[in-house]
Amino acid sequence: MDLLNTLVDKGLRRELPTRDEALAVLATSDDDLLDVVAAAGKVRRHWFGRRVKLNYLVNLKSGLCPEDCSYCSQRLGSTAGILKYTWLKPDQASDAAAAGVAGGAKRVCLVASGRGPTDRDVDRVSETIKAIKDNNEGVEVCACLGLLSDGQAERLREAGADAYNHNLNTSEATYGEITTTHTYEDRVDTVQKAHAAGLSACSGLIAGMGETDEDLVDVVYSLRELDPDSVPVNFLIPFEGTPLGKEWNLTPQRCLRILAMTRFVCPDVEVRIAGGREVHLRTMQPLALHLANSIFLGDYLTSEGQAGKADLEMIADAGFEVEGTGQVTLPEHRAAGGCHDGGGACGSGGGGACGSDAAPEVSEPRTAADARTDLVAVRRRGAGTDLAPNA
């Protein structure tokens, strides 16, 4: 297919595809899907080999958020039966992080619900970062605390944070339909603050919220322009009790096309399969490793994930290897900071889990309208509980 040959050539040169080419990837047929995966896989292997980076989430503060993000189980007005608790103490968070590191995680992601941190919150997280780094040699720490005020990114960097996550989630044109309590511009500003402070920026999207192909291309192109080092691709987990609880718009094939398009647009960036992979990719998860070079290990913020042991077995069975702490994730030109020129773009030179119920037998391929509520399991273990975490 001429389109795929063109996209591979551009990906190896870090050249931006045209919008029409990106849209064409999303429009490919299921008959051509393996060709799409193989083509994007060439780009992935060129920049990242067969390494898979493991990341581990620690939810420092769960629920009770004043923001109204429609996709989120922790949102204002959510009736989802999630765990709700205030700030974990540094030693509690460090213990939770240690479980993920023991399971192979190279990066620990510290997340707290809320609009954004107070200065006191930054102090708390700074203490937590120190505790984690003191107890886990070589671990990377990424903070995800919401919208940042002036000076907070610098304080987190001084405390030892390596990265900051703040997702764009969807296109600028449709952002107001998803969230009304803050703006798309607020999110862009926070990513830019992280960059300016010397933190590795992590920013991604959520697919499956009813967006169009054009919306998906818009947000990925916007991410390329922002130039994060890491792009998490989340697939909506439709929690009952949230406004998007009935949105089942994804198939495994659709998810793979979205990941492939993201890889072609941001060829030399860490593309991470994030929340919802178990719910929507299901048995097709191993194919997604040919597109993304990073995943979350174990559970997510408020939902259960695939067992950590199963993640490791999946990676090995698919012929990939877990990236070690001594290995550099990013290609040399990015790891050296050469892509962060302020006006460039990435590559331009600039939760769900297997539920306890068996899946129903089917004789026809599943469609996006098939709701798999059996795969959405609220997290009841790990951080904020007395039960051992899933790592």
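Side-chain atoms are counted along with the backbone in the values below, which use heavy atoms only and exclude waters and symmetry mates. It should be emphasised that the depicted structure is a prediction, and the values quoted were computed from it without experimental measurement. Just so you know, residue 1 is the first one in the sequence shown, and it goes up from there.
In terms of heavy atoms, S62 sits closest to I82 at OG-CD1, 4.4 Å. Closest approach of W47 to L12, counting heavy atoms only: CZ2-O, 3.5 Å. In terms of heavy atoms, T128 sits closest to A93 at CG2-CB, 3.5 Å. The shortest non-hydrogen separation linking A318 to P286 is CB-CB, 4.3 Å. When all heavy atoms of P17 and R224 are compared, the pair lying nearest together is CD-NH1, 4.4 Å. When all heavy atoms of P66 and G114 are compared, the closest pair comes out as CD-CA, 4.0 Å.
The shortest side-chain heavy-atom distance between E211 and T174 does not fall under the 4.5 Å cut-off. A heavy-atom distance below 4.5 Å is not found between the side chains of V111 and V58. Looking only at side-chain heavy atoms (C-beta outward), K10 and F264 stay at 4.5 Å or farther from each other. In this structure, Q152 and K193 have side chains that are not in contact, with every pair of non-hydrogen atoms separated by 4.5 Å or more. The shortest distance between side-chain heavy atoms of S70 and T242 does not fall below 4.5 Å. For the pair L83 and T302, the minimum side-chain heavy-atom distance is 4.5 Å or more. Using a 4.5 Å heavy-atom threshold, the side chains of N234 and N167 count as touching. At least one side-chain heavy atom of V376 sits less than 4.5 Å from a side-chain heavy atom of F239.
Note on L7: it clusters hydrophobically with F48, by side-chain heavy-atom contacts below 4.5 Å among ILVMFWY residues. In the hydrophobic clustering of this structure, M209 does not group with Y221; members are Ile, Leu, Val, Met, Phe, Trp, Tyr whose side-chain heavy atoms approach within less than 4.5 Å, directly or through other members. The cluster map of Ile, Leu, Val, Met, Phe, Trp and Tyr, joined by side-chain heavy atoms under 4.5 Å apart, puts L57 and Y71 in different clusters. Residues L205 and I178 do not share a hydrophobic cluster, defined by chaining ILVMFWY side chains whose heavy atoms lie under 4.5 Å apart. Note on I206: it does not cluster hydrophobically with V191, by side-chain heavy-atom contacts below 4.5 Å among ILVMFWY residues.
Not a single donor-acceptor pair under 3.5 Å links the side chain of D68 to the backbone N or O of R75. Between the side chain of D189 and the backbone N or O of D186 there is no donor-acceptor pair closer than 3.5 Å. The backbone N or O of T329 lies less than 3.5 Å from no partner atom in the side chain of R334, so there is not a single donor-acceptor pair. Remark: the backbone N or O of L54 is not paired with any side-chain donor or acceptor of K106 at under 3.5 angstrom. Put simply, the side chain of S113 gets close to the backbone of K61: a donor and an acceptor are under 3.5 Å apart. Without hydrogens or angle criteria, E127 side chain to P90 main chain gives no donor-acceptor distance under 3.5 Å. Under a 3.5 Å cut-off, the side chain of Y164 and the backbone N or O of L145 do form a donor-acceptor pair. For the pair S230 (side chain) and C202 (backbone), a donor-acceptor distance under 3.5 Å is absent.
A donor-acceptor contact under 3.5 angstrom links the side chains of R187 and H182, judged on distance only. S126 and D123 are not linked by any side-chain donor-acceptor pair at a separation below 3.5 angstrom, with hydrogens and angles left out of the test. In the model, T170 has no side-chain atom that pairs as donor or acceptor with a side-chain atom of D215 under 3.5 Å. Side-chain contact of D9 with T6: a donor-acceptor pair under 3.5 Å is absent, judged by distance alone. S94 and D91 form no side-chain donor-acceptor contact under 3.5 Å, judged by distance and modelled atom types alone. With no hydrogens or angles considered, a side-chain donor-acceptor pair links Y184 and S222 at under 3.5 Å. D227 and H195 form no side-chain donor-acceptor contact under 3.5 Å, judged by distance and modelled atom types alone.
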With side chain to side chain donor-acceptor pair (under 3.5 Å) as the test, would you mind laying out the steps for S294 and N55 before giving the verdict? CA-CA 7 Å; S294 181; N55 309 267; 2.7 Å; yes
May I have the step-by-step check of side-chain contact (heavy atoms from CB on, under 4.5 Å) for T181 and E67, ending in yes or no? CA-CA 6 Å; T181 47; E67 302 297 288; 2.9 Å; yes
Verdict with supporting geometry, D35 and T28, side-chain contact (heavy atoms from CB on, under 4.5 Å): CA-CA 10 Å; D35 293 331; T28 51; over 6 Å; no
Determine, step by step, whether V139 and T325 satisfy the side-chain contact (heavy atoms from CB on, under 4.5 Å) criterion, reporting the C-alpha distance in whole Å, the side-chain angles of both residues, the deciding distance to 0.1 Å, and the verdict. CA-CA 7 Å; V139 71; T325 55; over 6 Å; no
Hey, mind stepping through V108 and N136 against side-chain contact (heavy atoms from CB on, under 4.5 Å) and telling me if it holds? CA-CA 10 Å; V108 173; N136 300 278; over 6 Å; no
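Both tests hold for R272 against F296: distance to the six-membered ring centre under 6.0 Å, angle to the ring axis within 45°.
A salt bridge is defined here as a Lys NZ or Arg NE, NH1 or NH2 lying under 4.0 Å from an Asp or Glu carboxylate O, and D30 with R257 meets this definition. Ion pairing between D213 and R254 holds under the 4.0 Å rule for side-chain N and carboxylate O. Using a cutoff of 4.0 Å between basic side-chain nitrogens and carboxylate oxygens, K133 and D162 are scored as salt-bridged.
The local environment of CD in E137 is sparse, with at most 12 non-hydrogen atoms from other residues, nucleotides or ligands closer than 6.0 Å. Heavy-atom neighbours of E313 CD from other residues, nucleotides or ligands within 6.0 Å: above the threshold of 12.
The distance from atom CG of N59 to atom CD of Q74, rounded to the nearest 0.5 Å, is 5.0 Å. Taking CZ of R379 as the reference point, atom OH of Y300 lies at 13.0 Å (rounded to 0.5 Å). Separation of atoms CG (L291) and SG (C255) is listed at 11.0 Å; rounding is to 0.5 Å. In this structure, CZ in R282 is found 9.5 Å from CG in L250, a value given to the nearest 0.5 Å. Atom CD1 of I273 and atom CD1 of I295 lie 6.5 Å apart (nearest 0.5 Å). With rounding to the nearest 0.5 Å, the separation of CG in L312 from CZ in F320 is 14.5 Å.
Each of R263, R45, R50 was checked for a side-chain hydrogen bond (donor to acceptor under 3.5 Å, both in side chains) with N293, and the lone residue meeting it is R263. Of the residues listed (E323, E321, E270), the one engaging K53 in a salt bridge (Lys or Arg N to Asp or Glu O under 4.0 Å) is E270, and it is the only one.
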